[in-house]
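Lettering follows sequence order; numbering is per chain, from 1.
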Amino acid sequence: MRIRFVRRMGVSAAAKLLLRFAAVVLALLTGALFIRLIGFSPAQIYAGMVKGVTGSTISVRETVKIAAPLCVTALGLAVAFRMRFWNIGGEGQMTVGAIAASYIALFHADLPQPLLIVLMSAASIIAAGFYGFIPAWFNARFGTNETLFTLMLNYIAIYVVQYLREGPWKNPKDMGYPKIAMFAANAQLPKVLGVHIGWIIALALAVLVFVYMRYTKQGYELTVVGESSNTARYAGMPVRRIIIRTAIISAALCGLAGMMKAAGADRTLTDGVAGGIGFTAITVSWLSELNPIAIVVVSLLFSALEKGAGYVQSTYKISSSAAAVLQGIILFFVLGSEFFIRRRIVLGHLHDKA
Amino acid sequence: MIEAPSVPRLQTINLTKSFGELRACDGVSVNVNAGEILALLGENGSGKTTLVNMVAGLYKPDGGEVRVSGAPVAIHSPTDARRYGIGMIHQHFKLVEVFTAIENICLGMPRESTRRGLMARTLAFIEKYGLGVPLDMKAYRMSVAQKQTVEILKALVRGADILILDEPTAVLTPQESEKLFDILRKMKEAGCAIIIITHKLAEVMELSDRVSILRAGRNVGEFATAKTNPRELTERMVGRKVDLSIERVHAQKRPLLTLEDVSYAHAGVKLLDGVSFDVSGGEILGVAGVAGSGQKQLCEAIAGLTGITSGSIRLLGEELAHLSPREIYDRGVRLGFIPEDRLGMGLVGSMDVTDNILLREYRTQRGGFIRRKPVRRKAMTLVSDLAVVPPDINRAVSQLSGGNLQKVLLGRELMQSPQLLVTSYVVRGLDVNSSYTIYDLLNDRKKNGVGALFIGEDLDVLLELCDRILVMCAGRVTGILDAKHATRAQIGLLMTGSEAV
Ligand SMILES: Nc1ncnc2c1ncn2[C@@H]1O[C@H](COP(=O)(O)OP(=O)(O)OP(=O)(O)O)[C@@H](O)[C@H]1O
Ligand SMILES: [Mg+2]
């Protein structure tokens, strides 16, 4: 007996839904087995996870708070991915955005809050945009590989934060472990319905990105370049300019997400400001098939999973690694179902005729 | 005792396949015997590729049955097909470009068959059928014909004795096609069952034993090749009487395009070498030549896609050399270009008809936004004027059959009301009827004063359709003939490089 995977063509919407549903059920069953094995009651833990996400207004707010920067980063990456520009530098671009915003927050905190927030946003967009311009320029000019380039830039950004923390931006009032000072109150994002305004920005950006990709000339151009740069040249499109422009937009969005994370959630700058969001956003982006509206939903689901796992970890004293395994099991099945949506299994006997 | 009727080597019975609403194959039954060549004929989009893809395990049939030597078989994947001795040569080859021929042949073979054993078998097949291919050449350096030979070898080494070829000659020169036919005849004599899809009736008549015709996904007739003729086949294919002569219309001529001493070198190789000619409005200038004689560079130089090393290209007095397609457009001259690589250059496969028309239109719209509504109306007109099947403007064009794809491309270029049309192998892969539709469209534009550069491969078509024929060889113009008085032999001689006196 042999198992083979064959590419599937034209899967109906109903079949997709069924497969995804089956994946969730399987994930829950396997997770239950795992919870049993480590000596807890699956029903209790699952109930705990749900409670951790929807149990109180505070837990809902926490979930939304995690989702906002993830969503904005995923939107940014989706713009680049549509052009088949493999920007995996979301981490670095978020961090650079956060650094620029922090500069304004730390040294110009005397400005009125609305002006300050606008300046911080602008600074994060410009700085991250420039950070996206570098790999794009090299790619457009010399054909360098953007995947490696953007990945490497991640580390540089994080080390810059560490340098600022140890040296120039070290909070003199802090004894012991060096830290950067907390932002002043008017350098923090104001709240609407109990969550910092990042969530409104995320929703607005989702609509904007949707319109940009579907209804603007620039969105059309970048899609054509992604499909075939020969066709784009044939149509008289300035291919290099489009590559650079798109990469800047993508990075700028990631930078804005970094600002939201620093000024909304962390209220200071740390080297963990991106904290893996830039990578999780890659998954979110693809899982949503680069659709901005789907990105909103998927980033909420991802955040709920994260929040739920965090909650059971602290409530039931499950070790953090066990909670991570649980999270991993669920993700494994969901991502696995996408594999099966694109392929079908063929079982067969193999009589080899040599 | 009566001899039992021989069982076909391969037989399909009522095979059916739908794509959404569309019935691509609707109960198709064909069969081919060992030692026989069956030609599969049908208009673009009639379901030929779909049918053979089901047999090759690429598509899953919705209904019907495949039998190999009389026994029903279930084919779920190309591996299954291979196991029953079915080998398919696709129009787009699937070789690993950086591998050599022999590496490609060995690729994916079971471990127990040693490389030396495979080598021996490969050599045996080369010997048996006279396949000429250098085994240690990397695929990316091979010509199309060589790649095709490797694909055939691959199928043979894997034990195929049922060979299916989907439009194998669409990309070959006449000489290469001849060579392929010799090979296929030898394989037939050795007892292989062969199905070949082609739109060229001359090839059907020359090569096949039987012809099976499809129309709109159904069988509409089967003929013994010896007892039929191209006219009968065409009429059966399209379902009505057709006229198989090409008209050469006469139109008022006026100066349009002039090339002077155009040269282009790439990596030290002269791809265009001192090319000079002119095209008038109201004229179709044909270009003949062995594939790869510089036709591609010539077209791309005129369209602004490659620069030129020296020389001048003037269209209506505007110097186009060194201008990009966008700059050419901004100069106000209108140039339509049908490139050889339709999906890789002319169209975006994943986009629908509307968005493909946008490729030319979007820049003329004002502001930063795209308005699809007027373009959608144009798409609708295009689809109905050129009878694109299926007439669905929201379908990704990569799902269209080859002929319909070409109609969309040509239709879009004509919509720009070009003054000059550059067409590269514009009827390649088109059925007889679509080809004539396209000749008519070209003639129609010609009457309106449009000039056309027509890169072609079928000499008969060039002789009938064009006003003059330019012959190229190794990047040089070896002669420009008046099509009314030129002969095939004359052109053939110039194609090999002997200059006209
Ligand atoms: N993957 C697909 N998805 C949707 N429709 C398809 C797909 N493949 C083919 N079709 C449709 O099925 C019909 C038959 O197509 P097919 O490719 O079999 O035609 P064909 O006879 O090979 O034509 P041609 O001579 O142009 O190659 C066409 O209308 C085509 O648009
Ligand atoms: Mg076909």
Max heavy-atom pairs within cutoff under 4.5 Å with chain A, candidates B:Tyr362, B:Tyr329, B:Phe369, goes to B:Tyr362
Heavy-atom neighbours of B:His322 NE2 exceed 12 at 6.0 Å: yes
What part of B:Phe337 lies closer than 4.5 angstrom to a heavy atom of chain A: side chain, backbone, both or neither? both
Partner chain A: residue of B:Val348, B:Ile328, B:Asp341, B:Leu358 with the largest heavy-atom pair count (under 4.5 Å): B:Leu358
Is any side-chain N of the basic residue among B:Arg360 and B:Glu413 closer than 4.0 Å to the acidic one's carboxylate O? yes
Ring geometry between A:Trp286 and A:Phe81 (parallel below 30°, tilted from 30 to 60°, perpendicular above 60°): parallel
Are B:Asp355 and B:Arg372 within salt-bridge range, i.e. N to O under 4.0 Å? yes
Should the heavy atoms of other residues, nucleotides or ligands under 6.0 Å from CZ of B:Arg371 be counted, would the total exceed 12? yes
Under 4.5 Å from any heavy atom of chain A, what part of B:Arg342 do you find: side chain, backbone, both or neither? neither
Is B:Gln365 close to chain A through its backbone or its side chain, or both, or neither, when contacts mean heavy atoms under 4.5 Å? both
Between chain A and each of B:Gly349, B:Gly367, B:Ala303, count heavy-atom pairs under 4.5 Å; write down the option with the most. B:Gly367
